[in-house]
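Remarks on the structure that follows.
Values below: all heavy atoms of this structure, side chains included; hydrogens, waters and symmetry mates excluded. Chain letters run A, B, ... following the sequence lines, proteins first, then strands; residues in each count from 1.
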Amino acid sequence: MSRSKVSDLLKNGQPGEQVEVRGWVRTRRDSKHGFSFIELNDGSCMANLQCVVDADVEGYEATIKDVTTGASVALTGELKESPGKGQRVEMQAGSLKLLGTADAQSYPLQKKRHSFEFLREIAHLRPRTNTFGAIARVRNAISASIHRFFQDRGFLYINTPIITTSDCEGAGEMFQVTTLDLVKLAQIQTEIDFSQDFFGKAASLTVSGQLEAEIFATSVGDCYTFGPTFRAENSNTARHLAEFWMVEPEMPFYELEDNMTLAQEFIQTVIRDVLEQCPEDMDFFNLRIDKTCMDTMRNIIDNDFIRLPYTEAVKILEDSSTEFEYPVECGRDLQSEHERFLTEQHFKQPVILHDYPRTIKPFYMRCNDDEKTVRAMDVLVPRVGEIIGGSQREERLDVLLARMEECDLDPKEYWWYADLRRYGSVPHSGFGLGLERLVQLVTGMQNIRDVIPFPRTPKNAEF
RNA sequence: UCCCCGAUAGCUCAAUCGGUAGAGCGAGCGGCUGUUAACCGCUAGGUUCUAGGUUCGAGUCCUAGUCGGGGAGCCA
């Protein structure tokens with residue numbers, strides 16, 4: 001007999017079927033009338049399979065005391081209509097085999113609610129809980145949907161490098177990558193000679209695949225990257241990770257408006273897919289994690305995102321009667337509280353802010369004719385804030401070089417990036433979406449450390 | 001990195017003015033039960049985050065540190 005998955009049995013299993021299941025015990029309830037209920041979970045879905053094990057079942061006597069929360073077991077038996085409430089079918093076990101024990105005294109996961117802070121300390125066991133199992137399934141559905149969205153539109157999936165020697169892409173502090181013997185170098189005080197290092201120059205982990213993606217956008221056409229990204233910022237918030245996953249589409253012949261349209265369709269399509277594919281997990285999040293979760297999803301799916309120029313956003317904020325801790329000032333970046341006001345209170349739906357002051361944006365964004373703003377866009381969503389940052393790229397060589405100078409960057413370091421404007425330059429656009437922030441948005445989870453299996457943050461890389 | 005708050009049983013928390021360390025849940029044992037957040041009784045379980053200091057006496061006050069939470073900055 002081959003192993004069935006619990007999700008399949010609960011959905012399609014018919015009374016009378018002989019089946020085998022394997023998984024981990026969530027809880028056991030004994031009846032002194034000589035049988036036990038075992039709630040078995042194998043991670044395939046939120047729900048457990050209730051298995052009724054009579055005392056005369058093979059393996060019962062010898063093992064039932066060790067069939068505790070967390071233990072792994074294999075069960076064979078017959079599916080039956082369940083007389084009890086809470087499940088359509090259950091298993092009447094014919095055999096019980098204990099695969100691995102879990103000492104009840106020391107097993108950290110109890111039959112009770114645990115705080116997310118505590119579960120973070122046992123990240124190797126937290127996927128066995130309802131919440132983290134659901135997050136894993138939803139995150140998977142999101143990732144698959146992301147690929148499907150782009151593949152359906154003929155985008156090429158491009159693998160951009162993890163290790164880079166472009167030392168300043170204007171996107172934050174970088175993790176250095178080296179094979180130099182740091183212990184030895186610390187003992188003899190000397191200048192570091194990076195020509196002796198593995199790549200012959202200083203190298204780091206990537207903070208973005210955008211510049212490389214532009215190479216492919218201007219050759220093979222629409223493309224996207226989807227991979228890990230590293231920022232060595234000492235940021236300690238519920239929205240930042242040192243290692244996170246980013247999706248970066250890059251499209252030739254797209255202007256900013258096209259970019260905004262793609263961003264909206266992208267988010268809406270992925271959310272629609274998740275609602276369709278993970279209904280039970282989403283019910284759980286809506287019930288236990290964030291009661292407004294489903295309403296927020298519906299709202300995002302059903303409405304066009306608001307498109308709002310930066311200058312008009314400033315006006316709205318200035319005209320509002322709300323007292324902000326930090327005053328709104330044209331020419332400066334908006335504070336989190338301002339962004340939250342716009343998306344959570346004023347519009348109550350996603351907002352795409354665009355055409356920001358050039359002084360607060362990176363060199364590669366396309367300059368507007370007003371010489372004050374650039375074709376940048378940020379997609380803001382309720383509760384999570386900025387989920388997408390993107391722009392139309394500067395395709396005019398002279399303007400790009402001038403902007404590099406303005407930003408104190410050495411054009412020599414970006415010779416190949418400038419070449420793209422030197423030979424067959426075209427208007428193009430792209431954006432970056434933080435995967436974990438999207439998972440946060442969909443699940444309602446408050447802390448980004450809980451929507452990635454193994455969070456990396458300052459002072460934290462245990463698992 | 002900055003501001004505020006916190007760290008006490010396996011987990012979540014309480015402990016008045018500085019005076020003998022407490023509950024619920026979980027666990028063990030027993031009872032009851034087609035149960036499903038099961039229920040009832042009993043039992044065990046503590047270097048009160050770390051290092052100093054004040055005091056006759058510190059979980060409680062002071063200093064420094066570590067880690068966590070909320071907010072801010074950086075951003076996705």
Checking all strands, does [X] fall into the base, sugar-phosphate, or nothing category for heavy-atom contacts under 4.0 angstrom?
X       : answer
K459(A) : sugar-phosphate
R26(A)  : nothing
N447(A) : sugar-phosphate
Q105(A) : sugar-phosphate
V52(A)  : base
L241(A) : base
Q50(A)  : base
T229(A) : nothing
R449(A) : sugar-phosphate
G432(A) : sugar-phosphate
E325(A) : nothing
E90(A)  : base
F118(A) : sugar-phosphate
F431(A) : nothing

[X], nearest nucleotide to its side chain (from [options]):
X       : options                : value
S82(A)  : G34(B), G28(B), A76(B) : G34(B)
T237(A) : U12(B), G73(B), U35(B) : G73(B)
P83(A)  : C11(B), G34(B), G68(B) : G34(B)
K80(A)  : G34(B), A72(B), C75(B) : G34(B)
Q335(A) : G73(B), G34(B), A27(B) : G73(B)
R29(A)  : A72(B), U35(B), U12(B) : U35(B)
S336(A) : C67(B), C75(B), G26(B) : C75(B)

Please state how far atom [atom1] in [X] lies from atom [atom2] in [N], giving the value in whole angstrom units.
X       : N      : atom1 : atom2 : result
N48(A)  : A38(B) : CG    : P     : 11 Å
M377(A) : A76(B) : CE    : P     : 11 Å
F116(A) : U12(B) : CZ    : C1'   : 14 Å
R239(A) : G69(B) : CZ    : P     : 14 Å
Y107(A) : G26(B) : OH    : P     : 16 Å
L40(A)  : U35(B) : CG    : P     : 21 Å
R128(A) : C11(B) : CZ    : C1'   : 18 Å
F284(A) : A37(B) : CZ    : P     : 14 Å

Checklist entry - For RNA chain B, whose closest nucleotide is more 5', that of E117(A) or that of Y326(A)? => result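 Counting from the 5' end, the first nearest nucleotide belongs to E117(A).
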Item to check | Which residue lies more 5' along RNA chain B, comparing M246(A) with G86(A) via nearest heavy atoms | outcome: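 Here G86(A) is the residue nearer the 5' end.
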Is the shortest distance from a Lys or Arg side-chain nitrogen in [X] or [Y] to a carboxylate oxygen in the other one below 4.0 Å?
X       : Y       : value
E436(A) : R139(A) : yes
E337(A) : R340(A) : no
D42(A)  : K5(A)   : no
E257(A) : R375(A) : yes

Next on the checklist: Going by side chain to side chain donor-acceptor pair (under 3.5 Å), Y224(A) matches just one of H147(A), E250(A), E248(A). Which one?
Outcome noted: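 Considering H147(A), E250(A), E248(A), a side chain to side chain donor-acceptor pair (under 3.5 Å) with Y224(A) is found only for H147(A).
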Item to check | Phosphate OP1/OP2 of G73(B) contacted by S235(A) side-chain N/O (<4.0 Å) | outcome: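 No, outside the criterion.
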Next on the checklist: So, does R113(A) get its side chain near the phosphate of G24(B), meaning an N or O under 4.0 Å from OP1 or OP2?
Outcome noted: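 Indeed not, no polar side-chain atom of R113(A) lies that close.
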Check: [N] base within 3.5 Å donor-acceptor of [X] side chain:
X       : N      : value
E233(A) : U1(B)  : no
Q110(A) : G10(B) : yes
R120(A) : C67(B) : no

Could you measure between the two [atom1] atoms, the one in [N] and the one in [M], and give it in whole Å?
N      : M      : atom1 : value
G18(B) : C25(B) : P     : 32 Å
U20(B) : G59(B) : P     : 10 Å
G26(B) : C40(B) : P     : 10 Å
C13(B) : C29(B) : P     : 29 Å
G24(B) : A9(B)  : P     : 16 Å
U47(B) : U8(B)  : P     : 12 Å
G19(B) : C4(B)  : C1'   : 32 Å
A58(B) : U16(B) : C1'   : 16 Å

Checklist entry - Since syn is defined as within 90° of 0, does C49(B) count as syn or as anti? => result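 Chi for C49(B) falls in the anti range.
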Sort out the partner of [N] for me: Watson-Crick or G-U wobble, both distances under 3.5 Å, none otherwise.
N      : value
A72(B) : U1(B)
G59(B) : none
G6(B)  : C67(B)
U16(B) : none

Checklist entry - Relative to each other, are the rings of F149(A) and F266(A) parallel, tilted or perpendicular (30° and 60° limits)? => result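 Correct class here is tilted.
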Side-chain donor-acceptor pair under 3.5 Å between [X] and [Y], yes or no?
X       : Y       : answer
Q92(A)  : D54(A)  : yes
N259(A) : S429(A) : no
K111(A) : T27(A)  : yes

Next on the checklist: Once rounded to the nearest 0.5 Å, what's the spacing between atom CZ of F150(A) and atom CG of D222(A)?
Outcome noted: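 It comes to 9.5 Å.
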Item to check | F35(A)-G34(B) aromatic stacking (under 5.5 Å, under 30°) | outcome: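 Ring-base stacking flag not set for F35(A) and G34(B).
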